[in-house]
Student: 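Please read through the structure below; I'll follow up with questions.
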Amino acid sequence: MSVTEEGGNEGEVLVVGAGIAGMQASLLLAEMGFRVHLLDRAPAIGGLFPLLDRTFPTNTCGVCFMSPTLPALCPFIECSRHPLIELLPYAEIEGLEGEPGDFQVSILHKSRYVNADLCNGCGECAAACPVEVPRELGAGLETRRAIYRPYPQAFPETFVLDMGACTECGECLKVCRPGAIDLEMKDHRSTLSAGAVILTPGFEPFDASLKTEFGYGVHQNVLTGIQFERMLSLTSPSLGLPARTSDGQAPRSLAFIQCVGSRDISCDRGYCSSICCMYATKQAMLAKERVPDLNTTVFHMDVRTFGKGFERYYERAKGEYGILYRRSMISRVRELTDSKNLTASCVDDEGRPQEEEFDLVVLSVGFGPPAAAEALAESVGVSLNEYGFARTEPFSPQNTDRPGVFVAGGFREPQDIPQTVVEASSAAAGAAEVLAGRRLVRTAAEYPDQRDVSDEDPRVGVFICRCDGTIAEVVDLPSVTEFADQLLDVAHTAQLEAACQAEGLKELKSTIQEEGLNRVVVAGCTHRLYGEAMGDALRQAGLNSCLLERADLREGCAWVHRDQPEQATLKARQLVAMAVAKARLLTPSEGADAEVSPGALVVGGGVAGMEAALSLARQGFFVHLVEKEMELGGNLRHIHYTLGGGDPQEYLQGLIDQVEASELITVHLGSDLTQMTGEPGRYTSLISADGSTEELVHGVIVVSVGGDEVEPTEYLYGQHPQVLTQRELEERISSDAQALAGVKNVVMIQCVGSREPDRPYCSRICCSVAIKNALRIKELNPEANVLVLFRDMRTYGFQEDYYRQAREQGVIFIHYEPEAKPRVEAAKDRLRVLIHEPILDADLTLEADLVVLSTGVAPRDNQGLAELLGVPLDEDGFFEEANTKVRPMDFEAVGMYLCGLCHSPKNSEESISQARGAAMRAAVMLARQRLEGQSAVPFVNPRLCIACGLCIDTCPFEALVADEETGITEIAPLLCQGCGACTVACPSGAIQQRVFEKTQLMAMLDVALD
Amino acid sequence: MPGRVNGEVLTFALFVCAALQLARLSVPATVTEAGCVFQAEDGSPMEIIIDGATSTLDLAFKAEVEGASGEDLSRCYYCLKCSAGCPSALAMPYQPAQMVRMVQLGLKDQLLESPSIWYCLHCETCGARCPNEISIARLTQALRQMAMDEKGDALLGEAGIQALRTLSENILTTHNISADDNSRRLIWSENLESVPEGLESKKGAHSLYFVGCVSSFFPMTYIIPQAFVQILDEAGESFTALGGEEWCCGYPLLMAGMGSRAEETIRHNVAQARDLGVSRVVTTCPACYHMWKHFYPEILDEELGLEVTHSTQLLAELLDQGRVQLKEVPRAVTYHDPCDLGRKNDLYDAPRRVLGAIPELSFREMSDNRQDALCCGGGGNVETFNPDLVGELSERRFQQALETEAQVIVSACPQCERTLTAEARREKARVKVMDLVEFVWRAMDTSE
Amino acid sequence: MSVKAVLEVKEGDVVAALREFLRRLLEAKVVDALLVPVELPSGDAVVQTLIKDPDKLANANPLAPVMMVNSAKLVSNLTRRGNRERVGVVLKSCEMRALFELVKLQQATLDNLVTLGIDCLGSYEATQYAELAGELDDGAGSSADQLRGAREGQVVPMDGYEFRVACQICEHPIASNVDVNIGLFGVDTETAILLEMEGEIGQEIVEKLGLQEGDAPGREEAVAKLVSGRERARDEAFARFHETVKDTSSLLAQFSTCIACHNCAQACPICYCKECIFETDTFRHPSDRYLLWADRKGAARMPSDTLLFQLTRMNHMVTSCVGCGMCESACPSDLPLTLMFRAVGDKVQELFDYLPGASLEEELPVATFKEDEFPEYK
Amino acid sequence: MDEFEPRIVAFLCNWCAYTGADLAGTSRIQYPPNVRSIRVMCTGGVDPIYVIKALLEGADGVLIGGCHPGDCHYQSGNLKARRRMAILRSILEQLGLDPDRVWLRWISASEGKLFADTITEMVQTLKEKGPNPMGEAWAI
């Protein structure tokens, strides 16, 4: 890609911390046209992620979907090769001067003692190093050398010397051929400019050895959740099998202990770490899959599976996997001398002490702020909260208290991957707003006209790369070259020292021209590297870039068969022959492209819709905001106070004022979207209001149509005036100071209409809403008795503080099981609530002045809109995003996004983050201006197509349609992502894929087995 | 399911536990009959109806308990860790977490009349592990006081309570726990080869050695003060003791629910110390230490102006200063952390440092150590109520010590030494139980 | 809504009764046209014929024990681009099942189609039929012996003749999912033929033709007997097949005579491609390719790609194979295609619990997948 | 050559298995040189005809390497491939050909070691099986 500046003064963003959040923000901003400096304290990007390879609730990895352009490799790789992202590994930020839009950042670059320009990543140094220390991302289960690469696929690939561990024995120096190791290398400092800063340094696991009662670090078979996670990764030393440290055996019984370093003020962790219930559940399921006769017990206080799809996941764990959840915390873990088994002190069903024996105990450790949080906060000039996480203001969850500095991910509050992706996108939106008008714009590079090679006989040029000797030292390249020269249609062979370097590329280009080549094979490193540069050389020489084929003699040959040079040479010859066989048959192909219509349509004028619209407008895009009702505001109009402080009504009014004042936003009140046609990036919609219809053209659409409070059908709701919903209580309290006069006893019932058979999801917010109102009642009348009847209190994250506060204020919490739900009876003019109290095993009758039902969040009737847009609803009726985990703001369809309650229950701050994140995703699309398709798209031979539709059925991207007349398949090349599944579905070969045509692959097979 | 709250008025009996089990079976199943009904007229206190009998649901009860114990019980979210880890929980009719719930729901009578509150060892395992920093020990301490104050007559029929009353009366009259002649407090010094100069009430001494009742009056623990004063003497420490003017530290009163009457004895001890002009108080008894360190300032509501040190700390200090020389002791040794010293005062390192300084000594930790050390069973006056429970606990701890294959169990508490020695005798085990001061004294190189 | 009726058979002439029935269908405008097997004047062959004029039914013979083509393919031709008039088609079970598969493959539609199934008494190869035609009682019709056998649930070929392999092992002698089935098994065809009809069309036929309701009480038992006999024969045939084709060399021994004529694909009702991929450029190799192969191994078999063709064709359509055996009937090299496709097809279809042609609702196995199947792949 | 060296053709998806194979390279994990990899975008694009052809041409084993279920970069191409391979293997089995010469494995981009281990294991297994009889038989 080549870029030009849109306005002068290009926009630059510094992203601090290169985990999921940092990579997501960087990719979005870079894709949008900002220059990104992605800094991390660690020697490689990726954060904690390389530890994992299965994430909940899908039990897959799938982070590749995070990239704004699909399909994509891992975000690690995408970040490392994006032309606008500069990696600054092993660096720390030392100071931040200036104003939003114009910061100067001082950076300390820690010395790697390895020269990045010289290191070729060969790893000889590490092999020679005699020092072994625990590997950071091995969770203590693995070691590394003093000179090392943090993990095999780490970026950058340059090795790093850990001076703390190094004995300076000099072994590495001896074996390093490029002479890249420099023990004299010093830390150095630099400054760079950035218009905005995003802080995403993540979080750190709790040190489980601080809770001595669990015996971590003492008993061999007690692991932390992080260690167990690592063990379950297929890349771990055990290849994903759970194993006891003491004897390497697979466990037959496994205990998880929750809340280790969470919800525990005795170790200054008063908050809930939010993700441990889910990760333990996931680990329990994975362990069970791999050790089928495993019995697993999860000891917990509340199971907090509050995210989208999480409750079902939890139910599956219990039902399908037979995982036992016990509401009892462990007081002590002891080790049995002989078996090294563990006993856990818990209570039995009667609440009496009991010892349970397990083969393996996993401590579900919580998460704290990163170790360097304080130093970072100080150098950047932002404040931290009492727990050391970044402080943010109500209703602006990504804003730190320093303008222009944003925060996202675990450093703001412990959170899962979907929320991290949301917040990172939202923070990116913040940065993009600061830098509006300073984007770099892509322009097509200038190339000579492509030569028409269709009538030419193949003239294949084979270029064999020595890779600075890396390949040549194993493979006998002269013999390979000689062999290649004999192959059919090979017109020219040459050896290059380094095909990826400027000189090599120049030779490639000139040889093509001089020799009149029309197909090119480069035999060297893997196709993943330098493909763009080599394709570019072909285009400069007047050839279509699809006329290039690669033969992987390095990663796939020289490096993996070092000990068998003869065999490696034979293999290399064959790989070249295969590449030539295919190259002979290659035909030119270009990716399609199309303009993106400017502007966005936002459907739904609640908080989410308005925040999304405003963010887009601030980034310079025009927006049509369509609201069904006659006023903006949605659900927030009914919210009068919040747990975190801040005045919702004041915020709402401010938001409405800004929307109305924005020149780029057109508000359509009392309006409906009645039709949408067009294709990705170019939509035409009809907006109807009051009989009149308006036609709008837009490039993207954001759906934010909100949700509803569930209307209860139980607990005498609607039959007794003193049975209210939480929202009604809030309205009553806010509208009338005397509303609670005479009210002394309030009973709140949780999970009304949530986690029930007909609405089996958790509504996420009801627990904190109940806490909020309970606290408000206590504030208004400290003498009031407030009892909350709950199944699991799900006050995740810092909301746990308010749960504790409510208890301290005397609010009484009583647990109930769904099998023994409370009963509400009318007794004269009052209410009675009958409940079983499990701690004392007593049946209580509570006389109440008010019964308040904590009702869930229900989706609106979204069916019509879903059909109109051609997007799916999930099984609960909420809109279904493209990927639960890493694309929580996107629909699968290109250019369509979603946010707010129509996606899933969430609180207003989460809606704001998601709305701004969705706006950022949409803005990337709008900023791109042109949509580019894949070049390896299929093509249809209409003579052969018999209109059976199998290809159409198999396409996951709806890129194929049947011609209405003939039924013959047509291709929408912009939607096609080039998987080739259609070509397998078609029995007649009528649809085939460019660059992967059947004749080409079969020609490779012809020579592969010689 | 957990011990059921029912309508029975629980009579307080030593063996009430079994009775309770029976009573539980008779609880009617229907909700309204068996349950508690909260009622509240405007402004009037809530009432609780049990089996048709109405009593006041005393919201003040929780406030009172919280005030008296200093514990924020409302914070509890019933993780049940306290119940799971409490060494006496199995013997308790109401488990620790249930006691908290009963306070919260105002079930005062049942709670105050339950033996549960007297089975607490005050070992603080609960408090050390509670994620909400609630100490059941502090709770039961307050409840014992309330029970004694308010239920006194109802409880008097119970033997254990009688014993505690007697004990408390003894303390208040004789100033020691064994109703001995208090002037004979230094009787242990009579067998010393040389009695250190100024052992009794020497003005101007640097340290006051507060010997404590157990070591003063129980001959099997005489060796503790004997060894300690010789060490101090050897090390050239300027110290003295109060002799007959040393009164019981008051801790047994607190445990007996008579803390409210401890003030006089506390004032006496502090006045004596001040009178001598010492700058620090040293104890060999962790309970005395804990009293001096925490309860004295708390109860008197003033700073003592005195440094309070435990013998283990002092020994470590003397070692650091090179004032004590230790010779080789080629023996395997384990250390038992006294609850009052460990969990209550975080004093884990000093005794280990001292043992670690002894050449040739092989130190072995028990599987439960430091913060997780098991109670020897001797705490909280539980012996008065349930000697069997104490026996079980000391046996359990003793077994852990045996597993280390140590030849000597070192502790730093006269009470622990008593309990574990008794167990060693029962077991006929060839293991010595020794206080750290005795062990150090034996290890001291006094050849010069 | 199903209804059963009886067609009167006069003087034991079943074929005449059927012709009369078909004629009345046309005359009463139940259908506008009929696709029905008609005897050639020579009498030694029967071909499917599309008839609009009732008089042309004179030589129609749905009972003729021969199958020149699987008519599903003809119905595909008739309906693929829509079907303006109401056409009745007389189909045997395997033809009906193939038709359902083709509907799912969007190669045929059931719109405006009235499907008339007929109990299949088994068919002979066309050459055998030509020889046999004279021997049959009823001109080129079925023999009275066979009809009597059908009543008892037992059909045996004429002495000295064999049914087609597919028919010998066919355990679906009755067409399912048809609008009207002409029932012969367990029916006393001396006097009557059973008509089993579904849906509105059944009502319409009963009303317009003034049919008598009726039933054949012995039918179920007769069918069960027939099917169990066929299943036995099938299992024995499979066992023989696996005995014969059990490794590479025996497979090659069976299939090396394939001449790549692709007749099997032409005859197969499921092989619906306009042009087989093996006849397209993908396999019409440039001449240097043959030399390359010969060069590599010293020799190259010609015609090339024969086994590749067989296996690929099988891979394409075996999940939908209805076992009609037309491939084998069409094969000039006498390859044992019927058994091969039936033996493989049964196993593959079992993987997905899929019975080709059984229902329109069941998705084609090749058109879908499940998240949680085949956990053995790790 | 003394010992029989199996010849393996591997179809590797661009995003996971091929990248995993690359990782084996960058990690210098050694594995037997018996495999010839063919890159495809997705296992969903591996036409069984390639596998059949490879076997008929005498390949001793065919490996199809894709993303783990749920991780397919095209949503579900790997699951489609799984079904197609199940069909193909069933066909082979019924025809007396060895279905265990066709392996379908999930190998993620980070599983370089798993890729190498898979090749090693496959080579070992195929050595035990001996040469694909098709290699000799069909070549006349």
Side-chain angles (χ1 to χ4, degrees), chain C residues 238 241-256 277-278 282-283 293-294 296-301 305-316 318-319 340-352 365-378, chain D residues 43-44 47-58 63-66 68-70 72 75-107 111 114 118 121 130-140:
Chain C
F238 285 0
F241 175 77
H242 289 305
E243 196 64 20
T244 323
V245 176
K246 57 178 187 289
D247 54 19
T248 305
S249 57
S250 53
L251 179 72
L252 291 175
Q254 294 287 321
F255 285 89
S256 51
I277 186 170
F278 281 84
T282 306
F283 286 92
W293 291 337
R296 273 170 48 220
K297 295 188 176 170
R301 185 180 287 254
D305 303 323
T306 50
L307 195 50
L308 182 60
F309 162 77
Q310 291 291 356
L311 292 176
T312 303
R313 188 176 94 78
M314 172 169 264
N315 181 63
H316 282 164
V318 75
T319 52
M340 171 165 107
F341 273 89
R342 279 296 319 263
V344 175
D346 274 26
K347 287 288 176 193
V348 174
Q349 292 156 13
E350 206 172 80
L351 289 177
F352 309 101
V366 292
T368 184
F369 62 89
K370 284 184 189 154
E371 300 267 334
D372 52 355
E373 61 185 0
F374 305 117
E376 64 271 26
Y377 295 102
K378 289 186 169 124
Chain D
T43 49
D47 196 321
I49 198 171
Y50 306 148
V51 183
I52 300 169
K53 182 173 167 70
L55 291 173
L56 295 183
E57 294 284 345
L63 170 69
I64 294 106
H68 287 269
C72 173
Q75 297 181 7
S76 51
N78 48 358
L79 304 184
K80 294 170 192 162
R82 181 172 64 185
R83 182 167 266 222
R84 295 198 180 276
M85 290 312 141
I87 294 174
L88 177 61
R89 282 166 41 97
S90 176
I91 292 174
L92 296 176
E93 187 176 6
Q94 294 306 310
L95 295 183
L97 303 178
D98 186 355
D100 295 329
R101 293 188 184 276
V102 181
W103 291 28
L104 172 65
R105 291 293 159 101
W106 312 133
I107 298 165
E111 290 164 0
L114 182 62
T118 303
E121 185 193 343
N132 176 3
M134 200 64 84
E136 286 309 305
W138 200 237
I140 301 176

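Numbered from 1 within each chain, the chains take letters A, B, ... in sequence-line order. What you are looking at is a predicted structure, and each value in this text was computed from that prediction instead of being measured.
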Student: What part of V318(C) is in contact with chain D, defined as an atom under 4.5 angstrom from a non-hydrogen atom: side chain, backbone, both or neither?
Tutor: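 The answer is the side chain of V318(C).
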Student: Name the region of F238(C), side chain, backbone, both or neither, that has any atom closer than 4.5 Å to a heavy atom of chain D.
Tutor: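 F238(C) has no heavy atom closer than 4.5 Å to chain D.
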Student: Go through the steps to decide whether E93(D) and K347(C) satisfy the test side-chain contact (heavy atoms from CB on, under 4.5 Å), and finish with yes or no.
Tutor: CA-CA 10 Å; E93(D) 187 176 6; K347(C) 287 288 176 193; over 6 Å; no
Student: Looking only at side chains, do Y377(C) and R83(D) share a donor and an acceptor under 3.5 Å apart?
Tutor: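 No, no side-chain donor-acceptor pair sits under 3.5 Å.
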Student: Which pair of non-hydrogen atoms, one from R82(D) and one from K370(C), has the smallest distance, and what is that distance?
Tutor: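 Here R82(D) and K370(C) meet closest at NH2-O, 3.0 Å.
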Student: Tell me, side chain or backbone of E371(C) under 4.5 Å from chain D's heavy atoms, or both, or neither?
Tutor: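 Looking at E371(C), backbone and side chain both touch chain D.
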Student: Heavy-atom distance under 4.5 Å to chain D: side chain of K378(C), backbone, both or neither?
Tutor: backbone
Student: How far does CG of D305(C) sit from NZ of K53(D), to the nearest 0.5 angstrom?
Tutor: 6.0 Å
Student: Nearest 0.5 Å please: distance from the CZ atom of F374(C) over to the CG atom of L79(D).
Tutor: 11.0 Å
Student: Roughly how far apart are L251(C) CG and L97(D) CG, rounded to 0.5 Å?
Tutor: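 Those atoms lie 5.5 Å apart.
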Student: Give every donor-acceptor pair under 3.5 Å between a side-chain atom in residues 307-315 of chain C and any protein atom, sequence neighbours left out.
Tutor:
residue	atom	partner	partner atom	Å
T312(C)	OG1	L308(C)	O	2.5

Student: Does the side chain of Q94(D) come within less than 4.5 Å of H242(C)'s, by heavy atoms?
Tutor: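 Yes, their side chains come closer than 4.5 Å.
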Student: So which part of T368(C) gets closer than 4.5 Å to some heavy atom of chain D, the side chain, the backbone, both or neither?
Tutor: both
Student: Among V344(C), L351(C), T319(C), who wins on heavy-atom pairs under 4.5 Å with chain D?
Tutor: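 Heavy-atom pair counts peak at V344(C).
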Student: Return the set of residues passing salt bridge (charged side-chain N to carboxylate O under 4.0 Å, His left out) with E350(C) (not counting sequence neighbours), or none when no residue passes.
Tutor: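 Salt bridge (charged side-chain N to carboxylate O under 4.0 Å, His left out) check on E350(C) returns nothing, list empty.
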Student: Do the non-hydrogen side-chain atoms of V366(C) and R84(D) ever get within less than 4.5 Å of each other?
Tutor: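 Contact flag for V366(C)/R84(D) side chains = yes.
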Student: So how far is it from D247(C) CG to L95(D) CG, rounded to the nearest 0.5 Å?
Tutor: 11.5 Å
